[in-house]
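Shown next, in structure tokens, is the structure this report addresses.
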Number of protein chains: 2
Amino acid sequence: MEHPGGGGAGLGGGNVPAFLTKLWTLVEDPDTDTLICWSPSGTSFHVFDQGRFSKEVLPKFFKHNNMASFIRQLNMYGFRKVVHIEQGGLLKPERDDTEFQHPFFIKGQEYLLENIKRKVSAVRQEEVKLSADEVNKILNDVQLMKGKQETIDSRIIAMKHENEALWREVASLRQKHAQQQKVVNKLIQFLVSLVQTNRILGVKRKIPLMLNDSSSRKKNVQHLDKTT
Amino acid sequence: MEHPGGGGAGLGGGNVPAFLTKLWTLVEDPDTDTLICWSPSGTSFHVFDQGRFSKEVLPKFFKHNNMASFIRQLNMYGFRKVVHIEQGGLLKPERDDTEFQHPFFIKGQEYLLENIKRKVSAVRQEEVKLSADEVNKILNDVQLMKGKQETIDSRIIAMKHENEALWREVASLRQKHAQQQKVVNKLIQFLVSLVQTNRILGVKRKIPLMLNDSSSRKKNVQHLDKTT
DNA sequence: GGTTCTAGAACC
DNA sequence: GGTTCTAGAACC
């Protein structure tokens, strides 16, 4: 069913595209050897006189008579034109001779045809399909992120400074507190001695102090001790 | 000097590319009318029998005898093939007839040739020339920046918390300091009254206090007052 | 998957 | 800018 075209060369096996089976038949056919045939080595084929070939041979196998369409198909299947080095204008006044080749199109190696794959259609792979507009959008985003990072960086620096100043103030306040505590202790010490003196003198007076009040919040900030 | 090819049709004026002057000459030349000539309306031209045309006419004007190269040049200059609707297989068994047209290629309007411009070479505009590899590199950079920003964000949050705790400790310490100051004041007040009492009793003693010492650093942290 | 017209790209 | 080989893309 997948074997259209009356090539009739007994091409079985794998699913070989119609173009390849037709091409094989075309090259093999001795009747058309004056226009299309294997090269002597069997690794390529020649087309002579494109004008006659396209008008007399192509229509028998394809739905057209254009050499360009034939070449397009060859390229689509990975065939490459064989380029010849200039022969310095020898005897032959240049015969109309075009040669094509494909690593899996070899005379006598019919089974290799299965390895010739048609190039995938041009439906883009989506991956690289980026318009200039989309690229600009990405670059714009990057620019925005750059700006945001600079903003954040300066904010971090400001916070760092604020933090350092706070640590200094905390240290200062703690020191101040310790100093005051010393003062308080000395005062109390002094008072005690004074009271003792006064007691000797018979003086009695109530002392309204709240010495324990200021040390009750100490636990709140213990986890802040600098460790860095 | 910029006028090669013996067109000789008296093409003066602007800098018309050689291909266009040659093409004009070719189409005008009555000797080649059986192979290439104006259409009856003069808005396009026909090529008959590509085989003979490419082998007999092209070499006389160009450095090749390939129809494909001729068509490539036509397309390069913006010519378009004129596609004909199928004539339902009338009398003519299809003559080898190809027609091309360009809005500025009009019979008798030679001066219009200057308006036909060769399409710019395929040297990419650099802007959209991005390989998948380069795109991936950019996307990778964006990803890295994203990660960096997340790191910074969490660091900012940590610093913010630390800062808030510090502000709380500063407030606490200030309050503690104020409390202590009250204590100290009360102690001093008490002492003063006590001393006065003692003076009455004839007691004399030197008081070794350093009350001014703890308030001398106050200016260091004045700029930290919270304003938010 | 086949056919057609046009364009890309390398080389000259 | 010209020539050549190959590919893109639309349409069938």
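Given the structure is predicted, the values throughout are model-derived calculations rather than measurements. Letters A, B, ... mirror the listed sequences (proteins, then strands); counts begin at 1.
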Is the distance between the ring centroids of B:Phe100 and B:Phe105 under 6.0 Å? no
Interatomic distance where CZ belongs to A:Phe62 and P belongs to C:dG2 [whole Å]: 9 Å
Could you tell me the separation between the NZ atom of A:Lys22 and the P atom of C:dG2, rounded to a whole number of Å? 8 Å
Side-chain N,O (B:Arg80) to OP1/OP2 (C:dT6) below 4.0 Å: yes
Protein-nucleotide distance (A:Arg118, atom CZ; C:dT3, atom P), rounded to Å: 10 Å
Quick one: do A:Asp96 and A:Arg52 make a salt bridge, cutoff under 4.0 Å? no
Between P on C:dT4 and CD on A:Gln73, what's the gap in Å once rounded to a whole number? 10 Å
Just how far, in rounded Å, is P of D:dT4 from NE2 of A:His84? 15 Å
Think A:Asn66 has a side-chain N or O under 4.0 angstrom from the OP1 or OP2 of C:dT3? no
Please tell me whether B:Ser39 and B:Glu99 have a donor and an acceptor in their side chains that are separated by less than 3.5 angstrom. no
When you measure from the side chain of B:Thr151 to the backbone of B:Gly147, do you find a donor-acceptor pair of N or O atoms at a distance under 3.5 Å? yes
Between A:Lys81 and D:dT6, does any side-chain N or O lie under 4.0 Å from OP1 or OP2? no
Could you check whether atom NZ of B:Lys107 has more than 12 heavy atoms from other residues, nucleotides or ligands sitting under 6.0 Å from it? no
Name the one of A:Tyr77, A:Trp24, A:Phe61 that satisfies ring-ring contact (aromatic ring centres under 6.0 Å, His included) with A:Phe19? A:Tyr77
Could you tell me how far apart B:Met67 (CE) and D:dT4 (P) are, to the nearest whole angstrom? 14 Å
Closest listed nucleotide, where the reference is the side chain of B:Lys63 and the choices are D:dG2, C:dG2, C:dT6: D:dG2
Choose from D:dT6, C:dA7, D:dG2 the nucleotide whose nearest atom is closest to any side-chain atom of B:Lys119. C:dA7
Near DNA chain D, under 4.0 Å by heavy atom, which residues of residues 39-47 of chain A? none
So which nucleotide from D:dA7, C:dT4, C:dG2 ends up closest to the side chain of A:His64? C:dT4
Without decimals, in angstroms, what is the distance between B:Tyr77 OH and D:dT3 C1'? 12 Å
Compare the minimum distances between each of C:dG2, C:dT3, D:dT4 and the side chain of A:Ser69, then state the nucleotide with the smallest one. C:dT3
Looking at B:Ser172 and B:Arg168, would you say the former's side chain and the latter's main chain have a donor-acceptor pair under 3.5 Å? no
Rounded to whole Å, please give me the gap between CZ in A:Arg72 and C1' in C:dC5. 11 Å
